[in-house]
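Below: the structure, in structure tokens.
Every chain is numbered from 1 and lettered A, B, ... according to where its sequence line falls, protein lines coming before strand lines.
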Number of protein chains: 2
Amino acid sequence: MQGETLLYLTDEQLRQGAEAMFFAYRGFTADPDRILASLSYGRAHHRALHFIHGAPGTTVNNLLTTLGVTKQSLNRVLRTLIGDGLVESRVGRVDKRERHLYLTPEGEALERELSEVQRARLRAAFRDAGPEAVAGFRRVLEAMMDPEMRRQYERLREGRG
Amino acid sequence: MQGETLLYLTDEQLRQGAEAMFFAYRGFTADPDRILASLSYGRAHHRALHFIHGAPGTTVNNLLTTLGVTKQSLNRVLRTLIGDGLVESRVGRVDKRERHLYLTPEGEALERELSEVQRARLRAAFRDAGPEAVAGFRRVLEAMMDPEMRRQYERLREGRG
DNA sequence: TTGGAATGTCAACAAGACTGACATAAAATC
DNA sequence: GATTTTATGTCAGTCTTGTTGACATTCCAA
């Protein structure tokens, strides 16, 4: 057995890292998924609610580049959310081609419910692992993103200060 | 602005952690996805190859609890992999109801190709972030899993020594 | 030996991703 | 002013991958 500083880049360690990502992501989505299933929504609806909440007034185009899906796919989700009164779509004032998206109070309520169960799990995990582990966690995740996604991620962070 | 040790559990920090998971997971799967798409396979095929590689001779039942899908869903994926000659299914010798799953040489080759691009990204991320960050990353991910998944994850690790 | 439990297969269906084609309205450009 | 580009929405069709239901086979225990 070699020392930790040499060992951490072996294929076996990398394989374990991949499996950790797989299982952790399942845990990460499990709690919101349960709520969504009871409302016959899916993860796509959650993601839309999440990013509209985080960037109110965002356009459809912004949202679909953030989510990395096609407009047809996003549109189906948005149509149900708007139809169910969770999202409001307002015609742009300066550019009337654009639709600006906002959560209604009902939309905010569901977003809060979903994000709260997800935050609860993250909070517990962060508390268990400790602050230094959390810093490392963040550093590795950021290094794992595509450069384009990292830019989006940082833009979202800056947008909220 | 408060100190890091207090700040790390605020809702904003947790929200950023959630977004980091979202974007990082997309990066994590992006490279294998490209190869899979060119073969008209999906992530489900990758996962099956990965876990059969890691536990040769595993049964269908084992595999579906590991993957967290229904047997019917897994069966469709296995059927194509078996039909394409990447996986071999052998009737159990002691219990003939069971099918034991193995990768053929072709299956091993594809698994290696997929896992290699994924490992390459992880390797780069781990190198960028440094060993302490990697340890923290692993600690947080493990804390994020459901207890049941964590047991499976640890069992897989032990199985490979 | 008979009936239940476990294992796996096939069929049909739904969610949600995709592409391609097309329509509309507004903005930008020539 | 005419044309092109941009932003969005919609329809139709396909694919992956999840679901449930029905069923066959095998094992085991009453």
Side-chain angles (χ1 to χ4, degrees), chain A residues 22 25-26 29-30 32-50 52 57-84 87-102, chain B residues 22 25-26 29-30 32-52 57-84 87-102 114:
Chain A
F22 172 69
Y25 199 77
R26 266 183 41 201
T29 56
D33 280 356
R34 265 189 290 274
I35 297 173
L36 290 160
S38 73
L39 301 169
S40 53
Y41 287 147
R43 265 181 221 175
H45 301 83
H46 184 188
R47 291 194 289 264
L49 291 174
H50 177 99
I52 296 172
T58 190
T59 65
V60 173
N61 233 346
N62 268 335
L63 194 55
L64 58 90
T65 61
T66 302
L67 296 175
V69 297
T70 60
K71 61 175 181 176
Q72 295 90 331
S73 186
L74 175 59
N75 188 256
R76 183 163 17 83
V77 170
L78 281 180
R79 200 161 34 190
T80 70
L81 290 175
I82 292 168
D84 293 351
V87 168
E88 191 191 353
S89 167
R90 298 186 204 152
V91 173
R93 281 191 303 176
V94 316
D95 187 335
K96 291 177 188 167
R97 292 173 304 181
E98 296 178 337
R99 300 298 137 89
H100 297 272
L101 302 170
Y102 300 87
Chain B
F22 172 69
Y25 199 78
R26 269 183 37 200
T29 56
D33 279 356
R34 265 188 291 275
I35 296 173
L36 291 160
S38 73
L39 300 169
S40 54
Y41 287 146
R43 267 182 220 173
H45 301 84
H46 184 189
R47 291 194 289 262
L49 291 174
H50 177 100
F51 287 108
I52 295 172
T58 189
T59 64
V60 173
N61 230 350
N62 270 335
L63 194 54
L64 60 90
T65 61
T66 303
L67 296 174
V69 298
T70 59
K71 60 182 179 174
Q72 295 89 335
S73 183
L74 174 61
N75 186 255
R76 183 159 13 82
V77 170
L78 283 179
R79 197 161 38 191
T80 71
L81 291 175
I82 292 168
D84 294 351
V87 168
E88 192 192 352
S89 166
R90 298 186 205 153
V91 173
R93 282 191 302 177
V94 317
D95 188 336
K96 291 178 187 165
R97 293 172 302 181
E98 296 178 338
R99 301 298 137 90
H100 296 272
L101 303 169
Y102 300 87
L114 292 169

Between the side chain of A/Arg26 and the main-chain N/O of B/Leu67, is any donor-acceptor distance below 3.5 Å?
-> yes
Considering heavy-atom distances to DNA chain D, does A/Arg79 or B/Val77 have its closest nucleotide positioned more toward the 5' end?
-> A/Arg79
Sub-4.5 Å side-chain heavy-atom contact between B/His45 and B/Leu81 = yes
Residues forming a side chain to side chain donor-acceptor pair (under 3.5 Å) with A/Gln72, sequence neighbours excluded | none
Examine D/dT19: is either OP1 or OP2 under 4.0 Å from a nitrogen or oxygen in the side chain of B/Thr70? Give yes or no.
-> yes
Rounded to whole Å, the CG-P distance (A/Leu36 to D/dT19) equals 15 Å
Just how far, in rounded Å, is P of D/dT16 from CZ of B/Arg47?
-> 14 Å
With the side chain defined as heavy atoms from C-beta on, B/Ser40 is closest, among D/dT19, D/dT16, D/dA7, to D/dT16
How close or far is atom P of D/dT16 from atom CG of B/Leu67, stated in whole angstroms?
-> 18 Å
Using a 4.0 Å heavy-atom cut-off across all strands, classify A/His100 as base, sugar-phosphate, or nothing.
-> nothing
For nucleotides 23-30 of chain D, print each protein N/O atom paired with a nucleotide N/O atom at under 3.5 Å, atom names and distance only.
from, atom 1, to, atom 2, distance (Å)
D/dC27, OP1, B/Lys96, N, 2.9

With side chains defined as the heavy atoms from C-beta onward, is the minimum distance between A/Asp84 and A/Tyr41 less than 4.5 Å?
-> yes
Identify whether any heavy atom of A/Gly68 sits under 4.0 Å from a base atom; if not, whether one sits that close to sugar-phosphate; answer base, sugar-phosphate or nothing.
-> sugar-phosphate
Here the distance between atom C1' of D/dT17 and atom CZ of B/Arg43, to the nearest Å, is 11 Å
Residue closer to the 5' end of DNA chain C, A/Gln72 versus B/Ser89 (nearest nucleotide) | B/Ser89
Validation row: A/Val87, A/Leu49 side chains within 4.5 angstrom (heavy atoms) | yes
4.5 Å side-chain heavy-atom contact, B/Leu78 and B/Ile52 | yes
Classify the ring geometry between A/Tyr25 and B/Tyr25 as parallel (under 30°), tilted (30 to 60°) or perpendicular (over 60°).
-> parallel
For the base of D/dG18, is there a side-chain donor-acceptor partner from B/Arg76 under 3.5 Å away?
-> yes
Heavy atoms only: give me the nearest B/Ala44-B/Val77 pair and the separation to one decimal.
-> CB-CG2, 3.7 Å
Integer-rounded Å distance: D/dT17 C1' and B/Leu78 CG = 13 Å
Determine the minimum heavy-atom distance between A/Ser89 and A/Arg99, stating which atoms define it.
-> OG-CB, 3.5 Å
Going 5' to 3' on DNA chain C, which nucleotide is the first and which the last to come under 4.0 Å of a heavy atom in chain B?
-> C/dA5 to C/dA11
For B/Asn75 and D/dT19, what is the distance between atoms CG and P respectively, to the nearest whole Å?
-> 13 Å
Within this structure, what is the CG-to-C1' distance between A/Leu63 and D/dA7, rounded to whole angstrom?
-> 14 Å
